[in-house]
Amino acid sequence: MARLVVESVTTVLGFPLSLTVEPGECLGLSGASGSGKSLFLRALADLDPHQGKVCLGEMECANTAPDQWRRLVGLLPAESAWWGAQVQDHFDPSPACLFLFEQLGFSATTLTQPVQQLSSGERQRLAIIRTLSVNPRALLLDEPTANLDKTSAERVEKLIAHYRETQQIPVIWVSHDPQQIKRVAHQHWHLQNGRLQRAQPTDQRG
Amino acid sequence: MDIILLTPFDLGLAASLVILLAIFSEYGRLKLGIGRKLVIAAVRASVQLMAIGLVLKVLFESNHPLLMMLMATVMLLMATREIAARQEMGFVGWWGFAIGGLSLLLSSFLITLFALTVILSPTPWYTPQYAIPLLGMLLGNTMNGIALALDRLTREVVRERGAIEARLLMGHSWQMAIQPYMREAIRAGTIPIINTMAVSGVVTLPGMMTGQILAGNPPGTASNYQIMILFLIAAGTGFGISAGVWLASRRFFDERQRLRLDRLKKRA
């Protein structure tokens, strides 16, 4: 169980952002396109140079090997990208992973399918499984259900909630949908003009 | 067999063909619009070749190692500049030149040195009559290969940024993340020399061999020289490309293994 503490993290956009997410808690983050939400998540995953401090429990980003840090914080980018030809080239075929496959409506045969034949929604769901498959200790989700229909989106919401609760990990969930943030998050922050403002309080869940 | 000397009139006859092509491209149906470029390139080639003829004359007569070194350095710098100029996107700052220059140095120079000291062993080993043409052929070919490979690598990395970062996010190292694109780039750069070797003597008679035959050397000697040159070029191109692709790949990532496309800039 580790708390995610972000202190004055500054991306190329030049404004510092700070926030704290408790273990097992989900923070909903909204903001107009171009407000810097994705860049913020990328900085937390140490994909871009940034200033400030990011800590997950005892671990600090700057003092942790980059590959280890990225496995710890589990960033799911808004656009999923693939490097191998088949789905299975991207996963460890562990039992836990196959369980996730079932949870999001895939079967074992999906593993041998060419990635190019999948729809964007399928790819998005597989990307979520891929992110979870390395057993991250925090989740940074950049519009995880943007390409999904309602049923799939609900499945994803349920799966993430389950993972967050059982593993007691902090989650940051970027979404353009205030209703979704209401459903999945414990606190809702809105990013505007380089400042985080607390949106109306959401229902406590979890 | 005496060599037939070319007079300015002979060169003029050859030039008239280029001018004809230029006129055709300007006023022909397709309006190619490359006439001006063609003429400029032809004039450039003539001036450069005549100048190098004069320089080589001085060099051959003096046979001085310092002059040789100067000449080799100038050739290296020109090839380095050419590699940088051929990239659609290159690294900002001196890295843009250093990668090409270092790879050329590691391949062309070392292999020329090897050929001069171990294979040919003229006395002295830097005899310009051997050293300059060898270095020139190696630089020219490795330069092409390195430029091709680096251009390919950069395009692939920019296009596959998402996939590379997805692998970094899975905890893969930068080497693992970029490996498929390194392989692509090295392959793209070495294929021309492999193809050249495969057809030489059957479809094409390579330039050096042609030159030696025209100069009256026995075809057997010309073949032997050509074979040696092809091998040197193949090795130089392969090693040079590998070095260049590795250096560029390393430069794409920083100490935190982040993919740094901000280190690239588009060339005008």
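A note on names: the letters A, B, ... follow the listed sequences, proteins ahead of strands, and every chain is numbered from 1. What's counted below: heavy atoms across the whole structure, side chains too, no hydrogens, waters or symmetry copies.
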Quiz item: Where does Ser80(A) contact chain B at under 4.5 Å (heavy atoms): side chain, backbone, both or neither?
Solution: neither
Quiz prompt | Heavy-atom closest contact (Arg42(A) atom, Arg161(B) atom, distance) | solution = NH2-NH2, 3.0 Å
Quiz item: Say you draw a straight line from CH2 of Trp83(A) to CD of Gln179(B); how long is it, rounded to the nearest 0.5 Å?
Solution: 13.5 Å
Quiz item: Do other residues, nucleotides or ligands put more than 12 heavy atoms under 6.0 Å from Glu60(A) CD?
Solution: yes
Practice problem: Name the member of His172(B), Glu165(B), Glu160(B) that forms the most heavy-atom pairs with chain A at distances under 4.5 Å. | Solution: Glu165(B)
Self-check item: Greater than 12 external heavy atoms within 6.0 Å of Arg263(B)'s CZ
Solution: yes
Quiz prompt | Heavy-atom neighbours of His162(A) NE2 exceed 12 at 6.0 Å | solution = no
Practice problem: Pick one of side chain, backbone, both or neither for Arg130(A), based on which atoms fall under 4.5 Å of a heavy atom in chain B. | Solution: both
Quiz item: So do Leu47(A) and Leu169(B) actually touch side chain to side chain, heavy atoms under 4.5 Å?
Solution: yes
Self-check item: Atom CD of Gln68(A): over 12 foreign heavy atoms under 6.0 Å
Solution: yes
Self-check item: chain B interface, residue from Pro136(A), Ala62(A), Pro77(A), Gly84(A) that has the most non-hydrogen pairs under 4.5 Å
Solution: Ala62(A)
Exercise. Inspect the surroundings of CD in Gln86(A) and state if more than 12 heavy atoms from other residues, nucleotides or ligands are less than 6.0 Å away.
Key: yes
Quiz prompt | Distance-minimising heavy-atom pair for Gly171(B) and Asp67(A) | solution = O-CB, 3.4 Å
Quiz item: Is the shortest heavy-atom distance from the side chain of Pro66(A) to the side chain of Arg258(B) under 4.5 Å?
Solution: no
Self-check item: Phe15(A) atom CZ, over 12 foreign heavy atoms within 6.0 Å
Solution: yes
Quiz item: What distance do Arg260(B) atom CZ and Asp48(A) atom CG have between them, rounded to the nearest 0.5 Å?
Solution: 8.0 Å
Self-check item: Minimum heavy-atom distance between Gly162(B) and Ala81(A), given as atom pair plus value
Solution: C-CB, 3.2 Å
Quiz prompt | Non-hydrogen atoms of Cys61(A) and Arg256(B) that approach each other most closely | solution = O-NH2, 2.7 Å
Self-check item: Part of Phe253(B) lying under 4.5 Å from any heavy atom of chain A
Solution: neither
Quiz prompt | Pairwise side-chain contact, Arg167(B) with Arg70(A), heavy-atom cut-off 4.5 Å (strictly under) | solution = no
